[in-house]
Structures are given as structure tokens and as C-alpha cells.
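Let me begin by presenting the structure, written as C-alpha cells, before commenting on it.
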Amino acid sequence: MINLLIKNGRIIDPSQGIDGIGDILIEAGKIKKVRIQKSKFRKETKNTDLKILSEELKTIDAKGLIVMPGLIDMHVHLREPGFEYKETIKTGTIAAVKGGFTTVCCMPNTYPVNDNASVTEFIIRKAAQEGCCIVLPIGAITKEQKGEELAAIGTMKNEGCIAFSDDGHPVLNSLIMRRALEYSKTFDVPIISHCEDLTLSENGVINEGLISLTLGLNGIPSEAEQIMVFRDISLAELTGGNLHIAHVSTEGSVEIIRDAKKRGINVTAETCPHYFSITEEAVRGYDTNAKVNPPLRTKRDIEAIKNGLKDGTIDVIATDHAPHHRDEKLKEFDMAPFGISGLETALGLSLRLVKEGILTLSQLVEKLTLNPARILQTDKGSLKVGNDAHIVIVDGNKEFKVEAEKFVSKGKNTPFEGWVLKGMPVITISKGRVYEW
Ligand code: DOR
């Protein structure tokens, strides 16, 4: 059980409206006290000194550093069970903790698929034994993610699934999606939609446009995403269900979601760092590390996504951490799997939004803690007194060069190799352990 005093850091916790210099006392692994000395937004709180209640108390001087709740990544692929050669619960959660995340939600496209309570139970057990951070499983919407028959959503929820998604695949059948959204109301869980009209994306491997034409690769038009975003929002309106749109990549999707929110429809959305950091240009040279689904789009889409983040249309930044084996990514472009290993670059890439003035630091932390916590209805992502101490301490000025070989994730598939990013976690406190990087 850890006893710790974190002193003089800039504490940011959107769940309590905190942004100020202060101290956090952790006792027996739980947050005992948060004291703000100087705040941008709040009146000074009582200047009671934090008493050292335990002899073994260690102190961390966080002067000049940012102290925030451990980040929540509501979209990762941990690959276990079944694809342990790509990633395991152990390696994936170490990568999470290194990236500043202390809660990750794992997608069900494992083998077997997490479409029943016994797979859910396996993931929860394995994560309890070997996970370095909290793992919240996401169950499949349909059996084997085939889109044909609903999975046992209620039983999986009781076993611990926090949300439901067929991620990696869309639910093409509108009636099944309608039923899933109806169930989402009954069981009070979000349905996370991978929006892709497969009849349009066909065998596409990159964004449809001049580059797909030049490279001679099949393109995926933006409409393949947007049509399904529109369909699912219509179904959310029809059912009053609880809809979350995964990995938004296009301008059109942002517009449809913005309009739906204005009309009061129950929809939330996420994007990933690669969709606001790089365009389809990254694929020139047939770099399979930039092959991802949905595909990287255009400058215009990036601008729209940034605007969507800024005005709150996009609630969450998630990584869609999709580790693959090097040999798979070495295949020719058409044959290589989709996906980017994202946990270890997400924070550095996201902090660029603050530098560019798109988001304030507090707004960014909100999209990485409070907003996913609200969607998932969990108490994680908050420094409230009494919560387990899940905390990340970030040096906003520390630069690091992205070198896939140094990733602790098994997935070395990044299109950001060689990039120099500013801002990295220096200490992560997760599941009662203190990790220093
Ligand atoms: O790029 C992707 N990779 N997109 C997905 O939807 C699935 C994921 C994976 O599982 O590799």
C-alpha cells in the first residue's frame, strides 16, 4: 500500500474543476487530500498543511510538473486471448502506463471474440493478475462479431463489460443495430460504433482520392464512414439509445455529429491522435505503418476534427492502439493489417493541440479523463478524495524522440518514427505501484 505526498505540482482535475498549484496526499493507496495553494479558477482553499500521517511517507517534488488523474483510453486492442504474438494484457498495460494511461478499455476482436461471459471473465482475471493498470473489457455487440445475431449483452455486462462494440467491423444490419441500441437503454451501457459501410469501402486500403489513384491502391471514400454515422445517429434518435461513435476521421462525420448534438440526440464521439496529426500523405512510399482503418484523410479533415475537438463535438481522444507483428506489417500494402500502435505516443501528440491553441490543457485532460469516464459511467479519471490513487505526473517540457524499437508495446507499428514530441509522463501511479520513467 503506498503512502505518498506529491508536492507543488500543477494539479489538473476537470472532474472537480481544479487547475492550480497544490499537493496531493495518498494514504494506503487512496487519495486522502488534495490541497490547492494557487488556483486559476477557484478561490483559495483552506490552507491546512497536509500532515504526514505515516512514517513511511515518501515525497515527490512535482514543482514545474503537471499532476493529473491517470488517463483513460476507451479504445485499445490488447489482443489477448488469441493474438498474444501481437500484444498481451501484460505488455499492453505496461505500454498504457508508460503513456500515462491507468485505465484502458479493450476491444473484443480477440480469439475467441469477447462475445460471452467466460471470455469476459478470462480478461478480467488475467488483467487482475498481470495488468499494470485497470482493464475494462468491451463486449461484442454480435456473436463472433459477425453482425448476424446479438451477443448476450446483459450477461456480459453483469460479468464486467463496460460497453459494447463490434470494433474492427461495422454492424451492417440496421435492425440488429436498432436492437443493440434498445438494449443499451435497458442495460444502461454505451454502444460504440465502428462506422463503415463495407459495401462502399469494399477492398479499400487508404483514403479515396488523388493519392490512392497515384499509388494504384483501392480507396475508401469518406462517405463509407459518414453514411454509417448518419444511420447510427438516426437509430439513436429512434430508440433513445446510448451511442458513441468510434475513431471519427472525416469532416462530414464531425458535421453530422455536431448537428445531432444540437438536436439533443444521445451521441458522443471520439477521435484518435493520428486523425489530427497526419494526412494520407503519410502513406506515400507505401508505408504500412500508416495503414489504419478508418484511413488517414486530408488536411481539410484534420482541420474539421480540430474544430470538432474545440467546440466539444468530439468528446474524447482515444488511441485505437492496434498493435501488429512486424512480419504482418512487412507484407505488401494491400495485405498488411490495419492499425497503429498508439499508447506511447498519444499524450505527446495530443499536447500539440495545446501548443497550437486548439485546446487548453484542462480541456485536453477532460477529453482524456472526465469525458470517457462519464460515457463509461466509471469513477476512474478523477482525483476525488477516497478514490484509488491513479495519477500521472507529466513533464510538459521534456522532449522525446519516437523510436518504435524502444516501445514497451509489442506493436512497433507507428507512422511517427523519428518525430520529436514534447511532454511525457515521468511518473505514473497505477494499481498501487509507482512507475518512474
Ligand atoms: O486500424 C484498425 N485496426 N482499425 C480497426 O478498426 C481495428 C484495428 C485492429 O484491430 O487492428
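Whatever order the structure lists them in is the order used to number ligands and atoms, beginning at 1.
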* Asked: Is the shortest distance from a Lys or Arg side-chain nitrogen in R300 or E303 to a carboxylate oxygen in the other one below 4.0 Å?
  -> no

- Answer yes when E255 and R258 have at least one side-chain N-carboxylate O distance shorter than 4.0 Å, and no when they do not. no

A student comparing D166, V76, N293 should find that the heavy atom closest to atom 2 (C) of ligand 1 comes from N293

Does the residue H247 have a heavy-atom contact with ligand 1, meaning some pair of atoms that are separated by less than 4.0 Å? yes

Honestly, for H194 the part within reach of ligand 1 (heavy atoms, under 4.0 Å) is side chain

Atom 3 (N) of ligand 1: closest protein heavy atom, distance to 0.1 Å, is F338 O, 3.1 Å

Could you check whether atom CZ of F230 has more than 12 heavy atoms from other residues, nucleotides or ligands sitting under 6.0 Å from it?
no

Open item on the list: So is H324 touching ligand 1 or not, going by heavy atoms under 4.0 Å?
Closed with: yes

In ligand 1, the atoms that come under 4.0 Å of a heavy atom of A322 are 3 (N), 8 (C), 9 (C), 11 (O)

With heavy atoms and a 4.0 Å threshold, my read on which part of D320 contacts ligand 1 is side chain

Checking K431, K380, R433, K30 against D388 for salt bridge (charged side-chain N to carboxylate O under 4.0 Å, His left out), the one that qualifies is K30

Near V292 (heavy-atom distance under 4.0 Å), the atoms of ligand 1 are 1 (O)

Original post:
Is it true that E403 and K401 make a salt bridge, defined as a side-chain N closer than 4.0 Å to a carboxylate O?
Top reply: no

for atom 8 (C) of ligand 1, nearest protein heavy atom and its distance come out as H77 NE2, 3.7 Å

inquiry  = Does any part of the side chain of T288, heavy atoms only, come nearer than 4.5 Å to the side chain of K331, both counted from C-beta?
reply    = no

Flag the pair Q129 / I89 as yes when at least one side-chain heavy-atom distance between them is below 4.5 Å, and no otherwise. no

Is the shortest heavy-atom distance from the side chain of V267 to the side chain of K261 under 4.5 Å? yes

Short version for R79: what comes under 4.0 Å of ligand 1, heavy atoms counted, is side chain

Under 4.0 Å from one or more heavy atoms of G168, ligand 1 contributes atoms 6 (O), 7 (C)

